[in-house]
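Both backbone and side-chain heavy atoms feed into the values below; hydrogens, waters and symmetry mates do not.
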Amino acid sequence: MNKTAILYGPQRGSVAKVAEMVARSFAPEKVDLIEVKKVGPEEVARYDNLILGFSTIGKANWDSEHHDDDWDLFLTRVEKINWDQKKVALFSLGDQVMYPNHFVDALGWVYDRLAPTKAQMVGFCQGEDYRFNESAGFREGVFLGLPVDEDSEPEKTSERVNAWVSGLKQAFKE
């Protein structure tokens, strides 16, 4: 089975909106949209392809009373998951105007957690259409997944998602 899971969190707001856009770009029988807080190793095992969607900047990042979120919990389970033969793509929301020195940093944070596994990372994006100073998610001239800026460039989201998913379908052998 060549099925794709889109794991996303938080479950409301722009991350959910973009996750739903990504899901609609696939044939309905080829994709499952799942809140990451409901996912454990046994769930990941059911899929050949995974798309992970998250945000970078939010209240949780700056709040001194930060409590673990859904991704914090999932990322503690990374070592317990068999990533062999899995293709994984990432997307992250960020704001390149308000946070130009940390734009979609989470792409880098999550990528670094998955890099030691046997997952095959796919879905990298060129950076010339973005205006930012620094990003932990931008390396050697490419983003480590799809950067989405719903705050400053929401009019570009649909086009960016469609182009990215087109490339993913090839990588996933859809």
Look at the rings of Phe103 and Phe132 and say which category their plane angle falls in: under 30° parallel, 30 to 60° tilted, over 60° perpendicular.
tilted
With rounding to the nearest 0.5 Å, note down the distance linking CD in Glu20 to OG in Ser25.
12.0 Å
Would you kindly confirm whether Val142 and Val104 end up in one hydrophobic cluster when ILVMFWY residues are joined by side chain heavy atoms under 4.5 Å apart?
yes
Residue pair Thr56 / Tyr99, side-chain heavy-atom distance below 4.5 Å
no
In short, Leu168 meets Gly123 closest at the heavy-atom pair CD2-CA, 3.8 Å
Looking only at atom types and distance, does a side-chain atom of Lys87 sit under 3.5 Å from a main-chain N or O of Ala171, one as donor and one as acceptor?
yes
Of all heavy-atom pairs between Leu144 and Gly108, which one has the smallest distance, and what is that distance?
CD1-CA, 4.0 Å
Which of Val39, Asn82, Val78, Val88 passes side chain to side chain contact (heavy atoms under 4.5 Å, CB included) with Val44? It is Val39
Are side-chain heavy atoms of Leu90 and Met121 found at a separation under 4.5 Å?
yes
Tell me if a side-chain donor or acceptor on Ser152 pairs with a main-chain N or O of Asp149 at a distance below 3.5 Å.
no
Ignoring hydrogens and geometry, is there a side-chain-to-backbone donor-acceptor pair from Asp105 to Ala136 under 3.5 Å?
yes
Do you know the tightest heavy-atom contact between Gln96 and Arg131?
OE1-N, 2.6 Å
Looking only at heavy atoms, which two atoms of Gly40 and Arg77 are closest? And how far apart?
CA-NH1, 4.0 Å
Distance, nearest 0.5 Å, that separates CG of Leu7 from OH of Tyr47
8.0 Å
Please name all residues satisfying salt bridge (charged side-chain N to carboxylate O under 4.0 Å, His left out) with Asp112, sequence neighbours left out, ordered by chain then number.
Arg139
Please check if atom CD in Glu29 has more than 12 non-hydrogen atoms from other residues, nucleotides or ligands closer than 6.0 Å.
yes
Would you verify whether the NZ or CZ of Lys37 falls within 45 degrees of the ring axis of Phe74 while also being under 6.0 Å from that six-membered ring's centre?
no
Which residue pairs satisfy the salt bridge (Lys or Arg N to Asp or Glu O under 4.0 Å) criterion with at least one member in residues 155-164, sequence neighbours excluded?
Asp129-Lys156, Asp129-Arg160, Glu153-Lys156, Glu153-Arg160
Counting N and O atoms only, with roles assigned by atom type, does the side chain of Lys38 sit under 3.5 Å from a partner on the main chain of Glu43, one being a donor and the other an acceptor?
no
Ignoring hydrogens and geometry, is there a side-chain-to-backbone donor-acceptor pair from Trp71 to Pro10 under 3.5 Å?
no
Give me the atom names and distance for the closest heavy-atom approach of Phe138 to Gly127.
CE1-CA, 3.8 Å
Can Arg113 and Glu79 be counted as an ion pair, charged N to O under 4.0 angstrom?
yes
Can you give me the closest heavy-atom contact between Tyr130 and Pro147, atom names plus distance?
OH-O, 2.8 Å
Spacing of CG belonging to Leu93 relative to CZ belonging to Phe54, to within rounding of 0.5 Å:
9.5 Å
